[in-house]
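No hydrogens, no waters, no symmetry mates; every other heavy atom, side chains included, goes into these values. None of the values given here were measured: they were computed from a predicted structure. Letters A, B, ... are given to chains in the order of the sequence lines, protein chains preceding strands, and every chain is numbered from 1.
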Amino acid sequence: MEPAIETTGLVKSFGDARAVDGVDLQVARGSVYGVLGPNGAGKTTTIRMLATLLRPDGGSARVLGYDVVTEADAVRERISLTGQLASVDEELTGHENLVLLARLLGYKGKRAGGRAEELLTAFGLTEAAGRLVKHYSGGMRRRLDIAASIVVTPELMFLDEPTTGLDPRSRNQVWDIVRALVAQGTTVLLCTQYLDEADQLADRIAVIDHGRVIAEGTPGQLKASVGQNTLHVRLVEPGHRAEARRLLARGLDAPVQLEGDPAALSVSVADAERAAEALAELGREGVPVAGFSLGQPSLDEVFLALTGHAPTEEEIAA
Amino acid sequence: MSTVTDIPSAPVSEEALNAALASGQRPPRPSAASVCLTFGWRGMLKIKHVPEQLIDVTLTPVLFLVMFTYLFGGAVAGSTDDYLQFLLPGMLVQSVLFTAVYSGVTLNTDMTKGVVDRFRSLPVWRPAPLVGAVLGDAVRYGLAATVVVVLGLILGFEAKGGVVGVVAGVLLVVAFAFALSWVFTTVGLVLRSPSAVMNSGFMALFPLIFLSNIFVDPSTLPSVLETVVGVNPVSHLVTAVRGVMAGAASAGDIGLVLAEAVALTAVFAPVTARLYGAKG
């Protein structure tokens, strides 16, 4: 069976800027594929080309076996899109939004209303059904958005930063919904800025920077490539930082990053025991530690490890 | 208006979700006509939720008709009553054409919303959102026209063409406005902000409206101006509407208006559709 998504050398420029600069992707059917990167890395532009909203300038893309340019209509019959801006009509009620889509997709008369109610119930939106969407909270809006995407269960669903700006509870709800979708056989392409989100949901991840795929693999492979964990240390005395940096670098055999906080440093560690030893070494050498934590690498750290540079301001602002 | 933003969110029910996913088989693809009507229905819903947006459509014609009739009627035509007979069909044209600018404003506003991406990723006839929106706008035109006609009849307009003549006049204006709204949807996709669309729309319409035969008999004008008024399509429309409302229309006048409407649509509807398809 052909893959759900297959792109070769996909390119899109806006003026002089190459937003997407030769992206190759292979997404297996029935999986969740995470596309990870900072704002402006080219994630949304890639999704828009795959969802037939933008015409690629170069390269090719096939979605569920159909070319996104020459067979766009066949692609549209099999996908649905939940965009970064909520793709629902704020000036209509939740119920009207779903009836509108149901009719546009071919449900007739009362069946459109029935489908809308079924979805409102499934997404816990029955009480808010008659209210204008502009009065919805972020979490409710996102649930409605996803409900709108499954009026007809799609073979492939694009989710562009589905949890950006949501509170932890709403975020967990969205994750549960995505898991249910996948369990029913839908393939999901998930764009996100959050490593933990990709980690929770994705079977494979592509890391994108400056419009290029800079790393690809399972979450485990990716994390292994940047060191399993990151040790964050905060010193009592900022004046000890240079000494601490030297000691940690020697003890852990890895580059130590100085953080914005003048008393803090961080370092990737492959194994927790060595981290404990290095911390003990700080104590023995008379560098008092105010606190430390051992955690999963952040996206910043993945970036640092993969590209040798932190996400630039430009990338964050773009 | 409700200000509640967050109802304690009811949990997503896994069973109901699975049931909803399992029953989401794709129905047969709807026809282009049915999709356009659904988009037209969307326009209606927006009017239903914000009826205030109809105030200028309904109130402006009232103001213009009353003001022009009673302020200039005596000076231009000797009596306000005589002037009303001359002015009313032109007022009908003016009111409806100004309303056509809103097609562009609405589309421009719509394009900034995320929902357009969803529409564009649906397997439906591509220009359907546009055709539907413009069809929905025809309801506004009908409303503006009704206000002018009813008020005119109350003030003493004598429709010699009878009900048929009046209805034919209104239909002619609405048909032309439908065609003209494609010009404004094009403008709506080219310009950046709704207010820019509104301003340029009105700026373009003002000379067309005033340099026409709506307010005065062109034979009283200097010859250069008379020529300008003579080639203005708005004048052709007014002449045809006056004709049918008086029960004395010439087929040539009506034919010219319809030909101009078809020409506007043939040029600007595809341009709009192309711009809409290329957005992103």
Quiz item: For the candidates Lys48(B), Lys113(B), Lys46(B), which exhibits the highest count of non-hydrogen atom pairs separated by less than 4.5 Å from chain A?
Solution: Lys46(B)

Practice problem: Specify which of Arg55(A), Glu91(A), Arg78(A) makes the most heavy-atom pairs with chain B at under 4.5 Å. | Solution: Glu91(A)

Exercise. Could you look at Thr186(A) and say if it's the side chain, the backbone, both or neither that has a heavy atom under 4.5 Å from chain B?
Key: neither

Quiz item: Any idea which of Asn97(A), Asp145(A), Leu181(A) has the most non-hydrogen atom pairs under 4.5 angstrom with chain B?
Solution: Asp145(A)

Quiz item: In terms of heavy-atom pairs under 4.5 Å with chain A, which of Gly114(B), Pro27(B), Ala16(B) leads?
Solution: Pro27(B)

Practice problem: Determine whether Val99(A) and Trp41(B) make a side-chain contact, defined as any pair of heavy atoms from C-beta on separated by less than 4.5 Å. | Solution: yes

Quiz prompt | Closest-packed option against chain B by number of heavy-atom pairs under 4.5 Å, given Gly185(A), Ala148(A), Ala72(A) | solution = Ala148(A)

Quiz item: Does a side-chain N-to-carboxylate-O contact under 4.0 Å join Arg118(B) and Asp89(A)?
Solution: no

Quiz item: Within a strict 4.5 Å, meaning less than it, do heavy atoms of the Arg103(A) and Arg42(B) side chains meet?
Solution: no

Quiz item: chain A: which of Val124(B), Val116(B), Asn18(B) shares the most heavy-atom pairs with it under 4.5 Å?
Solution: Asn18(B)

Practice problem: Examine whether an atom of Ala147(A) lies under 4.5 Å from a heavy atom of chain B, and if so say whether it belongs to the side chain, the backbone or both; otherwise answer neither. | Solution: neither

Quiz item: Which is it for Arg115(A) and Ser23(B) under the side-chain hydrogen bond (donor to acceptor under 3.5 Å, both in side chains) test, yes or no, and what are the steps along the way?
Solution: CA-CA 9 Å; Arg115(A) 181 65 181 154; Ser23(B) 60; 3.0 Å; yes

Quiz item: Lys134(A) versus His49(B): any side-chain heavy-atom pair under 4.5 Å?
Solution: no

Quiz item: Looking at Ser80(A), Ser87(A), Gly106(A), which one has more heavy-atom pairs under 4.5 Å with chain B than the rest?
Solution: Ser87(A)

Quiz item: Quick check: does any side chain N or O of Arg120(B) sit under 3.5 Å from a backbone N or O of Leu53(A), one acting as donor and the other as acceptor?
Solution: yes

Self-check item: Interchain contact, Thr126(A) with chain B, by part (heavy-atom threshold 4.5 Å)
Solution: neither

Practice problem: Go through the atoms of Thr109(B) and report whether side chain, backbone, both or neither lie under 4.5 Å from a heavy atom of chain A. | Solution: neither

Exercise. Counting only heavy atoms closer than 4.5 Å, note whether Ala128(B) contacts chain A via side chain, backbone, both or neither.
Key: neither

Quiz prompt | Winner by heavy-atom pair count (cut-off under 4.5 Å) against chain B, out of Thr52(A), Thr45(A), Ile150(A), Leu92(A) | solution = Leu92(A)

Practice problem: Measure Gln184(A) against the heavy atoms of chain B and call it side chain, backbone, both or neither at under 4.5 Å. | Solution: side chain

Self-check item: Inter-residue atom distance Thr82(A).OG1 - Asp117(B).CG, 0.5 Å rounding
Solution: 11.0 Å

Self-check item: Leu105(A), Leu101(A), Leu100(A) screened by side chain to side chain contact (heavy atoms under 4.5 Å, CB included) with Thr38(B), the one that passes
Solution: Leu100(A)

